[in-house]
Amino acid sequence: MTVHVIGAGVAGLAAALALVRAGRRVTLHEATHAAGGRARALPDGTDNGTHALLGANRAALRFLDAIGAREGWIEPEPEGLPVLDLADHSARRVALSPLAWGDAARRPAGLTLGGLGALLRLAIPGADRSVASAFARHPVLLRALVEPLTVAALNTPADEASARMLGAVLRRLGAPGAARLYVAARGLGPDLVAPALATLACHGMSFRHGARLRGIGRAEGRATALDFGEHAVALGAGDAVVLALPPWEAVRLLPELPAPRDHAPILNLHFARGVDGPVRFIGLLGGLAQWVLVRPEGVSVTVSAADAPVALTDAEAAARIWPEVRDAAIRFALPGEWPATPPSARAVRERRATPRHATGPRPRPPRRPLANLALAGDWTFPALPATIEAAVRSGEAAAAALLHAPAGAPA
Ligand SMILES: Cc1cc2nc3c(=O)[nH]c(=O)nc-3n(C[C@H](O)[C@H](O)[C@H](O)COP(=O)(O)OP(=O)(O)OC[C@H]3O[C@@H](n4cnc5c(N)ncnc54)[C@H](O)[C@@H]3O)c2cc1C
């Protein structure tokens, strides 16, 4: 009796971990030659893109604990995020936690009583509208806090993004410690993917990479066979499947699934410019760069909701973004020289980084569309934006759906 987990992204890794811990035999099949999916290290060790976690991401942090990787995720800015406004060169530290806003020095710009009321209203579930329209009367707060948070958490422009979904994020930030921000100190390879695979290997899981699932045989509401091209797997009576794929692949295999169709890109630009000293994480307003992660390995810049910027060439992106990074480095007194000429840079364009989190209802696929097949993937957990947290929770929910389903029960 084997559970075949298809897709070695975070959702597949989390599903596999829950299953092996419950004593199941697991084979993990991955189309590419490396695990991690949209949260992966490239062959040279660079992250595909900077990934941040919040204290509110309890399932993700628990997963890191379970794979022995929690210590690799550090809090770069415990005093609040340094933010530079490129329009007027004002700099401040902004606390993400509303609990810290009693301290005027750590409050976001534009936080009036009215603005606070608009934030509180957002946290109460109600009719949906765009984030921009919900904050139309608070343009300073929208620009200084709400829009950057929307773009970072929902990867969707504020005039399109769902206020209800942002509200779901904000509701989770109120608890103590929930707004602490963590990044992988060394990168996604050593701090996420490698320890997950090592832990799964210790539990006896086998990992088949270069194994793209091409089709699923079905009969009487069950999956009966997995077609990997040159290799096929016939499923026995007790065998089961977790499909932990991005929506476009899940729908190719099971066309009847409701799934998001529209995605938003993220552009990451990695400058070969190591900076000694502690890891730093800086926000920028009013430019192209949104977040700058500064590590000894290099400087990585994130541009989310990057519909237009993904079309820039590497050289164009570097020429526009480096002066912004340099401004921030000088303003926040980062060590070393910051010459005007950009160092060499490489862009990573994730064109379907996440589904767009626009207003309106999200597709709600069933957790177990076939009696012996459960779905995982960030997009299958619609209560949260498509993030590592949603991916982990979806993987755990898929494992639970198979573990707790009576053998042979219909979906
Ligand atoms: C640049 C970028 C920055 C991000 N920043 C953050 C962040 O700061 N914080 C955060 O929480 N989230 C962030 N995210 C989102 C996060 O990466 C995703 O939500 C999460 O990784 C999705 O995991 P998943 O397992 O659901 O899907 P995926 O990672 O897409 O995993 C699916 C896996 O299935 C494999 N596969 C596909 N088709 C097949 C097939 N037919 N057969 C076998 N295998 C197949 C893929 O190769 C992949 O490995 C970011 C995403 C990107 C791209």
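This chain uses plain numbering: 1 for the first residue, then up along the sequence. For ligands, and for the atoms within them, numbers begin at 1 and follow the listed sequence.
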A.B. asks: Check if Ala211 has a non-hydrogen atom at a distance under 4.0 Å from any atom of ligand 1.
C.D. replies: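 A heavy atom of Ala211 does come that close to ligand 1.
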A.B. asks: Under the 6.0 Å and 45° cation-pi test, does Arg273 pair with Trp322?
C.D. replies: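 No.
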A.B. asks: Are any non-hydrogen side-chain atoms of Phe207 and Leu197 less than 4.5 angstrom apart?
C.D. replies: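 With C-beta onward as the side chain, the pair touches.
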A.B. asks: Provide, to 0.1 Å, the distance between atom 25 (O) of ligand 1 and the closest protein heavy atom, together with that atom's residue and name.
C.D. replies: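 Of every protein heavy atom, Ala11 N, 2.9 Å lies nearest to atom 25 (O) of ligand 1.
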A.B. asks: My understanding is that we take every heavy atom of each candidate and find the minimum distance to atom 35 (C) of ligand 1. Doing that for Arg351, Glu30, Arg252, which one comes out nearest?
C.D. replies: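 The residue whose heavy atom sits nearest atom 35 (C) of ligand 1 is Glu30.
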A.B. asks: For His89 and Asp327, which I'm curious about, is there any donor-acceptor pair between the side chains at under 3.5 Å?
C.D. replies: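 There is such a pair between these side chains.
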A.B. asks: Among all protein heavy atoms in this structure, tell me which lies nearest to atom 41 (N) of ligand 1, with the distance rounded to 0.1 Å.
C.D. replies: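 Going by distance alone, atom 41 (N) of ligand 1 is nearest to Glu249 OE1, 2.6 Å.
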A.B. asks: Taking the six-membered ring of Trp101, is the NZ or CZ of Arg106 close enough (under 6.0 Å from the centre) and on axis enough (within 45°)?
C.D. replies: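 No, Arg106 does not sit over the ring of Trp101.
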A.B. asks: At what distance is the nearest protein heavy atom to atom 18 (C) of ligand 1, and which residue and atom is it?
C.D. replies: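 Protein heavy atom at minimum distance: Asp378 OD2, 3.5 Å.
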A.B. asks: Below 3.5 Å, N or O to N or O, backbone or side chain included: is there any such pair between Ala391 and ligand 1?
C.D. replies: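 Ala391 vs ligand 1: no N/O contact under 3.5 Å.
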A.B. asks: In the protein, which heavy atom is nearest to atom 15 (C) of ligand 1, and how far is it?
C.D. replies: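 Protein heavy atom with the smallest distance to atom 15 (C) of ligand 1: Ala386 O, 4.0 Å.
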A.B. asks: Sorted by first residue and then second, give each side chain to side chain donor-acceptor pair (under 3.5 Å) pair with at least one member in residues 65-80; sequence neighbours left out.
C.D. replies: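 Matches after skipping sequence neighbours: Glu75-Arg180, Glu77-Arg93, Glu77-Arg280.
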A.B. asks: Does Arg393 make a cation-pi contact with Phe63 (under 6.0 Å, within 45 degrees of the axis)?
C.D. replies: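 No; the conditions do not both hold, so Arg393 does not lie above the ring face of Phe63.
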A.B. asks: Say whether Arg38, considering both its backbone and side-chain N or O atoms, lies within less than 3.5 Å of an N or O atom on ligand 1.
C.D. replies: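 It does: an N or O of Arg38 is found under 3.5 Å from an N or O of ligand 1.
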A.B. asks: Return the residue, atom name and 0.1 Å-rounded distance of the protein heavy atom closest to atom 6 (C) of ligand 1.
C.D. replies: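 Result for atom 6 (C) of ligand 1: His51 CD2, 3.3 Å.
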A.B. asks: Report yes if some N/O of Leu213 lies less than 3.5 Å from some N/O of ligand 1; otherwise report no.
C.D. replies: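 Yes, Leu213 has an N/O under 3.5 Å of an N/O on ligand 1.
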A.B. asks: Only one of Arg186, Arg38, Arg295, Arg40 forms a salt bridge (Lys or Arg N to Asp or Glu O under 4.0 Å) with Asp47, so which one is it?
C.D. replies: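 Answer after filtering Arg186, Arg38, Arg295, Arg40: Arg295.
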A.B. asks: Does anything in residues 300-311 pair up under side chain to side chain donor-acceptor pair (under 3.5 Å), and if so which pairs, sequence neighbours excluded?
C.D. replies: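 Qualifying pairs: Asn268-Thr302, His270-Ser300, Asp307-Arg356.
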A.B. asks: Which ligand 1 atoms are under 4.0 Å away from a heavy-atom of Gly377?
C.D. replies: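 By the 4.0 Å cutoff, the relevant atoms are 26 (O).
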A.B. asks: Answer with yes or no whether Asn155 contacts ligand 1, where contact means a heavy atom under 4.0 Å from a ligand atom.
C.D. replies: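 Not so, Asn155 does not reach ligand 1.
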A.B. asks: Evaluate Glu389 for polar contact with ligand 1, using N/O atom pairs at a separation under 3.5 Å.
C.D. replies: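 No, no N or O pair falls under 3.5 Å.
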